[in-house]
Amino acid sequence: MNKAKDYIQLHLNILLFSLTSVFSKAASVQLNRGGIKNPLLYVFLFLMVANCGIYAIAWQKVIKKFSLSTAYANRSVYLIWSQIWAVVIFHENLTVKNIIGLLIVLVGVMVVQRYE
């Protein structure tokens, strides 16, 4: 049960990290819409930097519970979260190649997990 809790914390931290790309893309959109005078640009830049800071602290606490190979293999799940955000928030298309790539990543994580 304790190991399950550790994995939940690890993946919540990865989810948190994936939000950095959301804030980054939102800042880019605001820059394109209103230039450097757009106040929303700075809101999203602040959120991006703050999110990275919180993630860095949380990541240091979480990786103490895992071997580095396991922690970093699981971190690749970030790609799955990023694709979910791209589709849900930014209405981007999900292609067959995207899905195949995400499945390869997921299988890779499962292979590493199997040997922990």
Side-chain angles (χ1 to χ4, degrees):
M1 181 64 182
N2 199 26
K3 202 64 169 167
K5 180 182 168 189
D6 292 343
Y7 275 102
I8 290 170
Q9 288 176 339
L10 175 67
H11 283 273
L12 285 175
N13 196 37
I14 295 165
L15 171 74
L16 176 69
F17 180 65
S18 72
L19 292 175
T20 301
S21 64
V22 172
F23 296 138
S24 175
K25 180 155 182 154
S28 175
V29 168
Q30 294 305 315
L31 179 65
N32 290 335
R33 284 188 184 159
I36 62 171
K37 293 182 180 180
N38 188 343
L40 283 176
L41 166 67
Y42 297 101
V43 169
F44 287 119
L45 288 174
F46 171 78
L47 289 172
M48 183 179 67
V49 172
N51 189 61
C52 283
I54 294 167
Y55 161 77
I57 293 166
W59 180 253
Q60 293 303 313
K61 292 183 180 269
V62 168
I63 63 171
K64 291 178 183 177
K65 301 174 184 180
F66 298 94
S67 67
L68 284 180
S69 61
T70 299
Y72 278 95
N74 276 272
R75 192 169 168 204
S76 61
V77 173
Y78 160 83
L79 297 171
I80 296 170
W81 283 112
S82 294
Q83 192 65 52
I84 290 170
W85 301 139
V87 170
V88 171
I89 297 172
F90 298 108
H91 308 291
E92 294 181 5
N93 294 325
L94 186 63
T95 66
V96 173
K97 289 181 182 180
N98 293 130
I99 294 170
I100 292 170
L102 294 173
L103 288 173
I104 291 170
V105 168
L106 195 56
V107 168
V109 170
M110 292 168 59
V111 167
V112 170
Q113 288 306 123
R114 185 173 181 203
Y115 294 105
E116 160 122 349

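Keep in mind the model is a prediction, meaning the values are calculated, not measured.
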Atom pair [atom1]/[atom2] of [X] and [Y] - distance to nearest 0.5 Å:
X: Thr20; Y: Tyr78; atom1: OG1; atom2: OH; value: 7.0 Å
X: Cys52; Y: Leu47; atom1: SG; atom2: CG; value: 11.0 Å
X: Leu102; Y: Ser82; atom1: CG; atom2: OG; value: 9.5 Å
X: Asn98; Y: Leu79; atom1: CG; atom2: CG; value: 10.5 Å
X: Lys3; Y: Lys65; atom1: NZ; atom2: NZ; value: 9.5 Å
X: Asp6; Y: Lys64; atom1: CG; atom2: NZ; value: 13.0 Å

When clusters are formed by joining ILVMFWY residues with side-chain heavy atoms under 4.5 Å apart, either directly or through shared neighbours, do [X] and [Y] land in the same one?
X: Leu12; Y: Leu16; value: yes
X: Val22; Y: Ile84; value: yes
X: Ile57; Y: Phe17; value: no
X: Tyr55; Y: Leu68; value: yes
X: Ile104; Y: Ile14; value: no

Checklist entry - So do Lys5 and Asn2 actually touch side chain to side chain, heavy atoms under 4.5 Å? => result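 Side chain of Asn2 against side chain of Lys5, heavy atoms only: contact under 4.5 Å found.
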
Item to check | Beyond-backbone contact of Trp59 with Leu10, side-chain heavy atoms, under 4.5 angstrom | outcome: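 The answer is yes; the side chains approach within 4.5 Å.
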
Next on the checklist: Would you say that more than 12 heavy atoms from the other residues, nucleotides or ligands in this model lie under 6.0 Å from the CG of Asn93, or not?
Outcome noted: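 12 or below, so no.
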
Item to check | Atom CH2 of Trp81: over 12 foreign heavy atoms under 6.0 Å | outcome: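 For Trp81, atom CH2 is not crowded (no more than 12 foreign heavy atoms under 6.0 Å).
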
Checklist entry - Taking Leu103 as the fixed residue, which of Val105, Ile100, Ile99 is the one that meets the side-chain contact (heavy atoms from CB on, under 4.5 Å) rule? => result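 Of the listed options, the one satisfying the test is Ile99.
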
Checklist entry - What are the two closest heavy atoms between Leu41 and Ala27, and how far apart are they? => result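 Taking every non-hydrogen atom into account, CD1-O, 3.2 Å.
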
Checklist entry - What are the two closest non-hydrogen atoms of Ser76 and Val109, and how far apart are they? => result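 For Ser76 and Val109, the tightest heavy-atom pair comes out as OG-CG2, 3.3 Å.
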
Next on the checklist: Between Phe66 and Ile63, does the side-chain contact (heavy atoms from CB on, under 4.5 Å) criterion hold? Intermediate values first, please.
Outcome noted: CA-CA 5 Å; Phe66 298 94; Ile63 63 171; 5.7 Å; no

Item to check | Pair Thr70-Tyr7, side-chain contact (heavy atoms from CB on, under 4.5 Å): steps then yes or no | outcome: CA-CA 10 Å; Thr70 299; Tyr7 275 102; 3.6 Å; yes

Checklist entry - Any chance the side chains of Ser21 and Trp85 put a donor and an acceptor closer than 3.5 Å? => result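 No donor-acceptor contact under 3.5 Å links the two side chains.
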
Checklist entry - Given the rule in the side-chain contact (heavy atoms from CB on, under 4.5 Å) test, do Phe46 and Phe23 qualify, once you have shown the distances and angles that lead to the verdict? => result CA-CA 9 Å; Phe46 171 78; Phe23 296 138; over 6 Å; no

